[in-house]
Amino acid sequence: MELTSLLAWSAPVFVLLIALEMIYYKLHPDENASGYSVRDTAASLSVGLGAALVDILYKTLALTVFIGLHELTPLRIEVTWVTFPLILLAQDFCYYWMHREHHLVRVLWASHVVHHSSLRYNFSTAVRQPWTGLTSQAFFLPLVLAGVPPWAVLVCGGINMLSQFWLHTDRIGRLPRFIEKTVNTPSSHRVHHASQGGYLDRNFGGILMVWDRMFGTWAEEGEQPRYGLTKDIDTFNPLRVVSHEYAAIGRDLAGAATWKDRARFLLARPGWRPGAGTTARRTPPEADR
């Protein structure tokens, strides 16, 4: 199945699931759940629609580069029923590092921060995706250079992203421990979206949690997560949602005293300030509000 077919079939299913979850919240309110709000949901859907449109361009550009590199490499991996699960496993490994670096490098975080900007955690949050997602594709170049067909790389990426939709909910509790330790679950992903203390920058895996456990970034859900950013942007304007961190970077670059500081404003962890070292803050103090 082509990637376009996956996305075409998934879109109406996502909308239906969002509507069903909203109805469920109405019929069974829970004060401990973040729930829905009209403005937040509208913002998420608007951002998601924009992301879907620009992603067509990004996927086209990525596919063009992938095809060019695939022609240059002498390696070839045939896609069969045996090799496809292994390719998906390798793609998930690359996804872990892509996701991790998009939290730890500020210019990459400026793209990914969009997905974390909502104070709500529900199915609509899943579609709140960046409009500058081209930065993600470079992390999958090793698969192409290893001989994986470009179409297979993109299809595995689509499967990985689609598999994460169900993770964005408060309505599914913790699953049996062996499942929580192996694959991504709503509980693990709630930790990833939380903005407090030891929950920051944890659980980067897409399909599997084994990478986080291997590389020391896994955390178990304990206290109730608080969603959003360490400094929330307080806006439902889709354009500001997708651009606020880039605007903050621009201001920091303009006010930087040295080129070394300018480089660090781009490449250091989010929240780095001259003379203050590296912090775990997700947005700098003067980010758009």
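If you're wondering where the values come from, they're calculated on a predicted model, not measured in any experiment.
Using modelled atom types, one finds no donor on one side chain facing an acceptor on the other under 3.5 Å when comparing His102 with Ser111. Side chains of Glu223 and Tyr199: no donor on one and acceptor on the other come within 3.5 Å. In this model, no donor atom of one side chain and acceptor atom of the other lie less than 3.5 Å apart for Asn237 and Thr235.
Between Phe14 and Phe123, a ring centre-to-centre spacing not shorter than 6.0 Å is recorded. If you look at Phe215 and Tyr96, their ring centroids are closer than 6.0 Å.
Side-chain N or O atoms of Arg262 include one that pairs as donor or acceptor with a backbone N or O of Leu253 at under 3.5 Å. A donor-acceptor pair under 3.5 Å is absent between the side-chain atoms of Thr135 and the main chain of Leu108, judged by distance alone. Under a 3.5 Å cut-off, the side chain of Thr182 and the backbone N or O of Phe178 do form a donor-acceptor pair. A distance-only check finds no donor-acceptor pair linking the side chain of Ser243 to the backbone of Tyr246 [under 3.5 Å]. Remark: the backbone N or O of His192 is not paired with any side-chain donor or acceptor of Asn203 at under 3.5 angstrom.
Heavy atoms only, all atoms of each residue included: Leu167 and Gly206 are closest at CD1-O, 4.5 Å. In plain terms, the two heavy atoms of Arg128 and Val241 that are nearest each other are NH1-CG1, 4.0 Å. Of all non-hydrogen atoms in Ser34 and Asp170, the two that sit nearest each other are N-OD2, 3.0 Å. Closest non-hydrogen pair, Thr73 versus Val144, comes out as CG2-O, 3.7 Å. The shortest non-hydrogen separation linking Gly50 to Trp131 is C-NE1, 3.5 Å. Between Gly35 and Asn122, the shortest heavy-atom contact is O-ND2, 2.7 Å.
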One pair to check against side chain to side chain contact (heavy atoms under 4.5 Å, CB included): Leu143 and Ile77. What are the steps and the verdict? CA-CA 10 Å; Leu143 298 177; Ile77 297 178; over 6 Å; no
Trace of the side chain to side chain contact (heavy atoms under 4.5 Å, CB included) decision for Val210 with Trp218: CA-CA 9 Å; Val210 295; Trp218 187 78; over 6 Å; no
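In the hydrophobic clustering of ILVMFWY residues, with side-chain heavy atoms under 4.5 Å counting as a link, Met209 and Leu200 come out apart. Cluster membership check: Ile56 does not share its hydrophobic cluster with Leu49, using side-chain heavy-atom separations under 4.5 Å among Ile, Leu, Val, Met, Phe, Trp and Tyr. Criterion: ILVMFWY side-chain heavy atoms under 4.5 Å apart, direct or through other members. Under it, Leu104 and Val107 are not part of a common hydrophobic cluster. Two different hydrophobic clusters hold Phe93 and Leu86 under the rule that ILVMFWY side chains link at heavy-atom gaps under 4.5 Å. Cluster membership check: Ile18 shares its hydrophobic cluster with Val13, using side-chain heavy-atom separations under 4.5 Å among Ile, Leu, Val, Met, Phe, Trp and Tyr.
Taking 4.5 Å as the limit, some side-chain heavy atom of Tyr95 sits within range of a side-chain heavy atom of Phe140. No side-chain heavy atom of Thr169 sits under 4.5 Å from any side-chain heavy atom of Tyr24. Looking at Gln129 and Val47, their side chains never come closer than 4.5 Å, going by heavy atoms from C-beta outward. In this structure, the side chains of Leu229 and Ser195 stay at 4.5 Å or more apart for every pair of heavy atoms. By the 4.5 Å heavy-atom criterion applied to side chains, Val15 and Leu45 are not counted as neighbours. Side chains of Tyr227 and Arg120 form no contact here, defined as non-hydrogen atoms less than 4.5 Å apart. Counting heavy atoms from C-beta on, the side chains of Ile207 and Leu88 come closer than 4.5 Å. The side-chain heavy atoms of Phe165 and Val127, taken from C-beta on, include a pair separated by under 4.5 Å.
Under a 4.0 Å N-O distance rule, the pair Arg100/Asp212 does not qualify as a salt bridge. Remark: Glu220 does not engage Lys181 in a salt bridge, criterion side-chain N to carboxylate O under 4.0 Å. No salt bridge links Arg226 with Asp232; every basic N to acidic carboxylate O contact stays at or beyond 4.0 Å.
Atom CH2 in Trp97 sits 13.0 Å away from atom CG in Asp92 (nearest 0.5 Å). The distance from the CD atom of Gln137 to the CG atom of Leu63 is 10.0 Å, given to the nearest 0.5 Å. Separating the CG atom in Asp40 from the CG atom in Leu119 is a distance of 7.0 Å, to the nearest 0.5 Å. Rounded to the nearest 0.5 Å, atoms CZ (Arg106) and CG (Leu266) are 8.0 Å apart. Interatomic distance, OG1 of Thr60 versus CG of Leu134, reported as 11.0 Å (0.5 Å rounding). Taken from CG in Leu141 to CG in Leu145, the straight-line distance is 6.0 Å, to the nearest 0.5 Å.
Gln196 CD: more than 12 foreign heavy atoms inside a 6.0 Å radius.
Both the sub-6.0 Å distance and the 45° axial angle are satisfied by Arg171 relative to the ring of Tyr25. Figure legend: cation-pi geometry between Arg269 and Trp272 absent, as NZ or CZ is not positioned both under 6.0 Å from the six-membered ring centre and within 45° of its axis.
His189 and His193 have perpendicular rings, their planes meeting at more than 60° on a 0 to 90° scale where under 30° would count as parallel. Below 30°, between 30° and 60°, or above 60°: for Trp109 and His116 the angle between ring planes is between 30° and 60°, a tilted geometry.
A side-chain hydrogen bond (donor to acceptor under 3.5 Å, both in side chains) with Thr185 is found for exactly one of Glu180, Glu221, Arg190, Arg174, namely Glu180. Residue His115 forms a ring-ring contact (aromatic ring centres under 6.0 Å, His included) with just one option from His103, His168, His99, and that option is His168.
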